[in-house]
**Student:** 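Mind having a look at this structure? Questions to follow.
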Amino acid sequence: MESPVVYHADVEPAVANHLRGSALAADLARLTGLRVERQAEGVLLVDTAGFTTERFPGTGSVAQAAVLLAVEMADRVADPDGRRVKRLPPPGGLARQRALASHIDTGLPTATLVRLDDAGPDEPWTADDRGDPDEADGAGRLPFITDSFLRTAVGEILQRYGTAFGAQWHADPERLRVEAVALLERFGAVTAVPGGVLVRPLVGRYRHTVATVKPRATTETLF
């Protein structure tokens, strides 16, 4: 419930087995009223009832730019021009999940808290925590998209859609890039790494998306 997308590679094997089954997905759908989609790479929770405060795809310039960037990255990874995309091993997703679980557990009464084993969330991450190497192409490696590609893509998006984005974004495209990438990361579509992002399987969902950005309303000035 804390993450829109949970990848099998980012959780303990026992948790991944539960996610692959149908019982947990059915319980989540029944208890929340949301739609649960199970894919080969993980589980996606789709907000069909306005349950959350932030949605993706959503409204606003940052959300629109994020969707358009997802389309650009999906096309780049598909490599239509025959260009090779560099692939890198993902960082410790399991460590992040443990940290999230630890943060949630701080709300439990300490008198009833029972530690089941000696392995805590602060345990150093090792290569073994990367999960099943079959979860991503290239023996566990994910496509790497550079910051320079993203900057160019944002510039082209601003030029293509013009006044659909406010003057403040045209004046500061780097801020738009940073905020759009941060939104994509919050929804599990990418993982930010030095020099760029690693593209996660969720981006493939938007590969064939035809994006339409409504132009901003203009106000006539009387002289």
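Keep in mind that the numbers below use all heavy atoms, side chains included, and drop hydrogens, waters and symmetry copies. Count residues from 1 along the sequence.
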**Student:** Tell me, do L88 and L142 make a side-chain contact under 4.5 Å, heavy atoms counted?
**Tutor:** no

**Student:** Go through the structure and list residues passing salt bridge (charged side-chain N to carboxylate O under 4.0 Å, His left out) with E174, not counting sequence neighbours.
**Tutor:** R151, R177

**Student:** What's the separation between atom CZ in R141 and atom NZ in K86, rounded to the nearest 0.5 Å?
**Tutor:**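 It is 9.0 Å, given to the nearest 0.5 Å.
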
**Student:** Under the criterion side-chain contact (heavy atoms from CB on, under 4.5 Å), I'd like the reasoning laid out for V46 against E37: C-alpha separation, chi angles, the key distance, then a yes or no.
**Tutor:** CA-CA 7 Å; V46 182; E37 294 184 6; 3.9 Å; yes

**Student:** Do V154 and P173 come within less than 4.5 Å of each other through their side chains, counting heavy atoms only?
**Tutor:** yes

**Student:** For the atom pair CG (L68) and CE (M73), what is the distance rounded to the nearest 0.5 Å?
**Tutor:** 10.5 Å

**Student:** Can V178 be reached from L184 by stepping across I, L, V, M, F, W or Y side chains whose heavy atoms are under 4.5 Å apart?
**Tutor:** no

**Student:** Quick check: closest heavy atoms across H8 and G42, and the distance to 0.1 Å?
**Tutor:**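 Distance-wise, the nearest heavy atoms are NE2-CA, 3.5 Å.
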
**Student:** How close do S61 and W169 get, heavy atom to heavy atom, and via which atoms?
**Tutor:**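 Answer, listing the atom of S61 first, then W169: CB-NE1, 3.3 Å.
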
**Student:** Of all residues at least two apart in sequence or in a different chain, which pass the salt bridge (charged side-chain N to carboxylate O under 4.0 Å, His left out) check with R38?
**Tutor:** none

**Student:** Do side-chain atoms of H170 reach the backbone of G162 as a donor and acceptor pair under 3.5 angstrom?
**Tutor:** yes

**Student:** With the side chain counted from C-beta on, respond yes when Y7 and V43 share a heavy-atom pair under 4.5 Å apart, and no when they do not.
**Tutor:** no

**Student:** Decide yes or no for D27 and R30: does some side-chain heavy atom of the first lie under 4.5 Å from some side-chain heavy atom of the second?
**Tutor:**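 D27 vs R30: side chains touch.
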
**Student:** Any chance you could measure L24, atom CG, to L19, atom CG, to the nearest 0.5 Å?
**Tutor:**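 Spacing of CG (L24) from CG (L19) equals 6.0 Å.
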
**Student:** Any donor and acceptor pair, going by atom type alone, linking the side chain of Y206 with main-chain N or O of L69 inside 3.5 Å?
**Tutor:** no

**Student:** Please report the closest heavy-atom contact between I157 and A65, naming both atoms and the distance.
**Tutor:**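 That would be CD1-O, 4.4 Å.
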
**Student:** In Å and rounded to the nearest 0.5 Å, what is the CG to OG1 distance from L45 to T32?
**Tutor:** 5.5 Å

**Student:** Apply the test side-chain contact (heavy atoms from CB on, under 4.5 Å) to residues L150 and V181: give CA-CA distance (whole Å), side-chain angles for both, the deciding distance (0.1 Å), then the verdict.
**Tutor:** CA-CA 9 Å; L150 296 174; V181 168; 3.9 Å; yes

**Student:** If we only count heavy atoms from C-beta on, is the V36 to L44 side-chain gap below 4.5 Å?
**Tutor:** no

**Student:** Which pair of heavy atoms, one from V11 and one from A16, lies closest together, and at what distance?
**Tutor:**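 Minimum heavy-atom separation between V11 and A16: CG2-N, 3.6 Å.
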
**Student:** Taking ring pair (Phe, Tyr, Trp, His ring centres under 6.0 Å) as the definition, give me every residue that meets it alongside F144, ordered by chain and number, with sequence neighbours left out.
**Tutor:** none

**Student:** Compare every heavy atom of F187 with every heavy atom of L202, then report the nearest pair and how far apart it is.
**Tutor:**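 Smallest heavy-atom distance, with atoms named: CD2-O, 3.3 Å.
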
**Student:** Heavy atoms only: give me the nearest A66-L183 pair and the separation to one decimal.
**Tutor:**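 For A66 versus L183, the nearest heavy atoms are CB-CD2, 4.0 Å.
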
**Student:** Walk me through whether E72 and R76 qualify under salt bridge (charged side-chain N to carboxylate O under 4.0 Å, His left out).
**Tutor:** CA-CA 6 Å; E72 293 292 333; R76 179 69 177 91; over 6 Å; no

**Student:** State, yes or no, whether a side-chain contact exists between T191 and V197 at a heavy-atom distance under 4.5 Å.
**Tutor:** no

**Student:** What I want to find out is whether R200 reaches E185 closely enough, with some N-O distance under 4.0 Å, to be called a salt bridge.
**Tutor:** no

**Student:** Is L158 close to L176 at the side-chain level, that is, under 4.5 Å between some pair of heavy atoms?
**Tutor:**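 With C-beta onward as the side chain, the pair touches.
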
**Student:** Is there a donor-acceptor contact under 3.5 Å from the side chain of E41 to the main chain of P201?
**Tutor:**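 No, E41 side chain to P201 backbone: no donor-acceptor pair under 3.5 Å.
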
